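These notes concern the structure reproduced below.
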2 protein chains.
Amino acid sequence: MEDNELPADVAAMWRLREAPRRGPKPSLTLDEIVRAAIAIADAEDLAAVSMARVAERLGNSTMALYRHVKSKDELFVIMSDAALERPEPMPEGVDWRTGLTFWADGVLTAIRRHKWYAKLPISGPPAGPNNLAWFDSALGVLAQTGLPEEAKVGVVMGLITYVQGEIRMAFDLAAGYIDNPDAFQRFGSTLRRVADPRVYPAVARTVEAGVFDEVGSFEEDNETDFDFGLQLYLDGVAAFIDRVCGPAE
Amino acid sequence: MEDNELPADVAAMWRLREAPRRGPKPSLTLDEIVRAAIAIADAEDLAAVSMARVAERLGNSTMALYRHVKSKDELFVIMSDAALERPEPMPEGVDWRTGLTFWADGVLTAIRRHKWYAKLPISGPPAGPNNLAWFDSALGVLAQTGLPEEAKVGVVMGLITYVQGEIRMAFDLAAGYIDNPDAFQRFGSTLRRVADPRVYPAVARTVEAGVFDEVGSFEEDNETDFDFGLQLYLDGVAAFIDRVCGPAE
DNA sequence: TCCTTACTGCGTATCATGTACGCTAAATAG
DNA sequence: CTATTTAGCGTACATGATACGCAGTAAGGA
């Protein structure tokens, strides 16, 4: 009822604004606006999302949007929750490690559909319905570990950080690659030209070994790196659980 | 000589543009421009860096900058290399694990001085002189492991990903906290209001345990989280080294 | 010495963008 | 029927990136 105590963007994400009793019927809904903005960001780029473009796509004037959204930043926050959608339900009876791997792969898949997601600043703890569902899913699978609640939150936050960091870096690099593949192709020869072996001995050794001379497939490398790093992190979590709960069953 | 084969921004970072022989003496240098831009970003924000602001700070016109920099994006790339400065030299004779911890702390310290760094997109592999020096420093400390060159690169890239991801998340959260501390203070009560225990059972349990009701010091928590995650990652690297090289001396 | 040439700084103009403000018309409450 | 609330929208403005071309300057060549 009194959602006055809730932050405005949170109330918006949960669609808690009570329907107005008077005035003309809205010809626009928040959902349509968010969907249109997401469609533009998917097709082009986060930078391509301007209030004018969104409004145009909906056949409305730019300023009409401001009846439903306080600012562009608020739109971004709502977009970021909407883009994640709901996680696949966790398979029954999986152990925590399989569960978190499943979860991380799910995040990767979800964000692959909306590459701009990783560009948005994280403004706070997960407060929208979809974000919260993901959070709940990861916390739920840790229930079996017997970790204290606070430690579970720490582990999940760390996992979120790792996953988002990896994704962001991969997408940034991929974007750079698309912008000019030459820079990658020629990275080896660039280094040979510019990196004095006396100043950068370790880099020079690597260059001599030819590491930068052939370029693999991006998608494959990313998938491999992602899993590799994820398993590293989960190794650490396992050790942490042992330390806190004792080497359990 | 023929730096025509180098990408323009790389040439700029290494200051390889040959000095012009004719025409008026430049009253502006690339270094001054980059320094001014960094000063603005440090004092305010990356968003506060506009060509006009930078020029004003230097007592020049906006368009004069374009004689030294091809675009704002190029300025950002050059800024990002300049901001890192050189790493502290690695202490003599440290083992790889101590060395990488030292290295990661150094990155954290460097970026703390320029919080906007984590907001910049990574457009490619590290190609500027300072970035390369950091890269070299981390690679160098892995020489003792006997890993193949390519694996060293993988480990260092993973480390960079982790460190940057953690830093970015921490700074984003800190910015959100400054913008409105209330949202954090009231996060527990927000969740109680909005998160139906039947839909979000694990979150509800955590909320009931009071995890979100008290807020710790940001700086402390970050430092702890950073070291915790870093040691997890290094645990994984140790296992990886054992796997590839055999359980070495 | 003077002209040519390459170059710098800068004024102007253009276009995109976020958003404040206020008007008009619609829908409902009384 | 009237007052109130609210939606859409036109206008205006501030800010920002950057294309373009001019004017003046310094070096090279005559």
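Chain naming here is simple, since letters A, B, ... match the order of the sequence lines and numbering starts at 1 in each. These numbers come from the heavy atoms of this one structure, side chains and all, not from hydrogens, waters or symmetry mates. Only a predicted model underlies this, so the values are computations on that prediction, with no experimental measurement involved.
Taking atom CZ on B/R53 and atom C1' on D/dT18, their separation rounds to 19 Å, with Å as the unit. A straight line from CD of A/E56 to C1' of D/dC9 spans 16 Å, rounded to a whole angstrom. Rounded to an integer number of Å, the gap from B/E74 CD to D/dT18 P is 11 Å. Note: CG (B/D73) to C1' (D/dT18) measures 12 Å, nearest angstrom. Atoms OH (B/Y66) and P (C/dT14) sit 18 Å apart, rounded to a whole Å. One interatomic measurement links the two molecules: CD of A/E44 to P of C/dA16, which rounds to 14 Å at whole-angstrom precision. When rounded to the nearest whole Å, the span between CE of A/M51 and C1' of C/dA16 equals 15 Å. What separates NZ of A/K70 from C1' of C/dA20 is a distance of 14 Å, to the nearest Å.
Counting all heavy atoms, side chain and backbone alike, B/I78 lies closest to B/A12 at CD1-CB, 3.7 Å. Heavy-atom minimum distance, B/S137 versus B/W103: OG-CD1, 3.6 Å.
The local environment of CD in B/E88 is sparse, with at most 12 non-hydrogen atoms from other residues, nucleotides or ligands closer than 6.0 Å.
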task = Begin from the C-alpha positions of A/K115 and A/D172 and carry the test salt bridge (charged side-chain N to carboxylate O under 4.0 Å, His left out) through to its verdict.
result = CA-CA 9 Å; A/K115 300 194 193 301; A/D172 277 357; over 6 Å; no
May I have the step-by-step check of salt bridge (charged side-chain N to carboxylate O under 4.0 Å, His left out) for A/D136 and A/R86, ending in yes or no? CA-CA 11 Å; A/D136 190 81; A/R86 292 303 167 110; over 6 Å; no
5' to 3', nucleotides 4-12 of chain C under a 4.0 Å protein heavy-atom cut-off (B base, S sugar-phosphate only, - none) gives -BBBBBBBB
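Note that the CG atom of B/L139 and the CH2 atom of B/W134 stand 14.0 Å from one another [nearest 0.5 Å].
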